[in-house]
Amino acid sequence: MDNPLLKLDGIIAGYGSMTILNGTSFEVRRGVITTVIGPNGAGKSTVFKAIFGLLKLRAGSIHFDGQSITGWSPRRLIEAGIVYVPQGRNIFPEMSVRHNLEFGAVAAANIADLPQRIEAALDRFPALREKADVQASTLSGGQQKQLEIMRGLLLDPKLILIDEPSIGLSPLLVQETFAILKELRAKGVTILMIEQNARMALEMSDDGLVLELGQTRLHGPAHDILNDPRIAQLFLGGAMGAAA
Amino acid sequence: MASFMSLVIAGLATGAIYALIAIGFSLLWQTSQTINFAQGEFVMLPAFFVLAAINAGAPFWLAALIGLVISVIILGAMFKRLLVDPMLRHGVLPLAIATMALSIFLRESVKEFYSAEASPFPSFIPGTTIGFAGISVSLQHVGVVLVAIASVMALTALLDRTPIGRQMQACAQNPDVARILGIPVERMIMYTFLINGLLVGIASLLVSPIYLAKFSSGETLGLAAFIAAIVGGFNRIRGAIAGGFLLGIADNLAAAYVSTQYRGAVPLFLLIAVILLRPQGLFGKAEERTV
């Protein structure tokens with residue numbers, strides 16, 4: 001791949017004595033949506049944590065935009081242009097929507113036009129503007145997810161790592177969230193997404209990546225992954241080797 | 001009525017000190033799930049740092065400053081690094097037990113190496129009594145209330161108005177989210193320990209002129225502040241403040257109108273009532289934890 005935005009090379013990492021990532025390697029193209037799929041325990045979320053500096057690597061290297069980011073702190077990664085939206089609800093429920101947004105930029109304290117950026121973001125999400133000054137806990141699940149994405153966008157990221165954005169959302173809200181991601185791609189933002197809703201995610205993605213037992217099993221155009229007969233087998237619980 | 005008001009003002013002074021100590025309880029709990037059962041001894045100890053500095057020839061103002069700095073270093077930074085960090089890995093309960101051991105260690109060390117007797121402690125505020133509208137008030141009590149209020153205001157301004165304070169609040173509300181937003185969570189937790197070191201130092205300077213510096217004084221103070229934090233709501237700073245003042249006033253009024261013998265029981269009655277009727281405390285928020 002020519003000049004990838006993100007490159008993982010032989011990542012070995014895990015929790016305690018348990019190794020989850022067994023030499024994970026892959027590259028992410030610029031300006032595209034790449035969906036990571038794989039069975040439970042494949043190491044999908046773990047690989048995101050490793051990229052975002054929340055998990056110490058035992059071996060391997062990570063390059064972002066041509067420079068090594070191995071061992072960088074989340075703060076440094078945010079400043080370099082990476083934003084991470086983990087699974088579940090990741091807001092400060094007792095703060096107002098506006099305060100939550102302001103907090104999104106804590107790591108990049110030198111953003112001079114933050115108030116303008118917040119206003120612009122609220123224009124993009126009218127439902128959140130209505131609730132800008134109420135406690136974030138009063139937002140619906142979908143709005144909370146939108147708030148998280150919006151918070152990340154304030155930093156003008158080059159890469160968004162988003163883990164299971166559709167979890168707990170109604171089909172309509174999933175569509176809405178995916179539409180936001182497509183809009184970001186149109187603006188040149190690269191998106192690396194984990195999604196259980198594999199078919200729907202791959203249909204809107206450019207690339208697909210299949211992880212199993214902490215290793216890359218398949219990587220290529222999303223359309224090819226979607227039509228690969230081995231994928232159904234994998235998601236039914238069989239191993240790739242047996243299916244191949 | 002006049003004597004009632006005098007009692008209330010004296011109660012406010014006691015309550016202000018309880019509040020300062022209780023805020024420390026609350027801060028450490030919120031940011032690092034530390035229940036510091038040595039908090040009372042943490043208030044007892046700075047007075048002896050000050051006395052040691054005075055004995056070494058330092059003027060009182062300098063000794064007080066030295067006492068505060070040593071409190072921040074030893075009772076803030078070293079406490080976290082040497083006791084909390086290694087113990088917290090094993091869970092909240094082992095840490096709580098370790099702080100109980102620390103309280104005994106500190107108490108007995110002062111008794112052994114300094115003195116088992118109560119030592120008089122100088123004060124910045126003269127101990128004179130002033131009359132105002134028929135109410136006689138100790139200037140010292142007024143001073144204690146003012147210093148405590150100023151400290152609480154400075155702390156709340158720090159937490160609400162400064163980027164560092166906001167980051168500390170974020171860590172208290174949800175450290176995982178704080179981490180993904182690039183907030184240096186470990187450093188913020190350290191700051192809360194340093195603040196606690198400063199709060200107990202200030203509380204020590206305020207309480208010691210009134211109750212003297214004694215190795216055992218931490219027992220009652222620690223217990224009262226612990227109860228104040230629970231009554232107010234352990235996970236809220238304003239709860240700790242309210243609990244502190246409530247306990248201080250109730251304590252003084254009970255001593256005057258009920259019985260001095262039952263004075264010590266009043267906080268416990270309050271504690272039982274709150275646990276029965278409003279377990280999350282007056283201002284607290286119910287928390288759920290899996291066991």
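Keep in mind it's a predicted model, so treat the numbers as computed, not measured. Reminder, nothing fancy here: chain letters follow the sequence lines and each chain counts from 1. Below, all heavy atoms of this structure are taken into account, side chains as well, without hydrogens, waters or symmetry copies.
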**Study point:** Candidate pair A:His99 and B:Arg166, rule side-chain contact (heavy atoms from CB on, under 4.5 Å), full reasoning
**Key:** CA-CA 10 Å; A:His99 276 147; B:Arg166 302 272 295 282; 3.3 Å; yes
Revision key, fill the gap. Looking only at heavy atoms, the pair that brings B:Pro184 and A:Arg75 closest together is CD-NH1, 3.6 Å
Point to revise | Contact summary for B:Arg236 and A:Glu94, nearest pair of heavy atoms | key: NH2-OE1, 3.1 Å
Practice item. Evaluate whether atom NZ of A:Lys7 has more than 12 neighbouring non-hydrogen atoms of other residues, nucleotides or ligands under 6.0 angstrom away. Key: no
Exercise for review: Might you work through the side-chain contact (heavy atoms from CB on, under 4.5 Å) test for A:Asn90 and B:Ile180, ending with a clear yes or no?
Suggested key: CA-CA 9 Å; A:Asn90 301 286; B:Ile180 60 160; 4.2 Å; yes
Exercise for review: Find out whether A:Arg151 and B:Leu181 are in side-chain contact, i.e. whether some heavy atom of one side chain is under 4.5 Å from a heavy atom of the other.
Suggested key: yes
**Study point:** Other residues, nucleotides, ligands: >12 heavy atoms within 6.0 Å of B:Arg187 CZ
**Key:** no
Point to revise | Over 12 foreign heavy atoms within 6.0 Å of CZ, B:Arg81 | key: no
Practice item. Check each atom of A:Leu77 against the heavy atoms of chain B and say whether the ones under 4.5 Å are side chain, backbone, both or neither. Key: neither
Point to revise | Region of A:Tyr84 that comes under 4.5 Å of a non-hydrogen atom in chain B | key: both
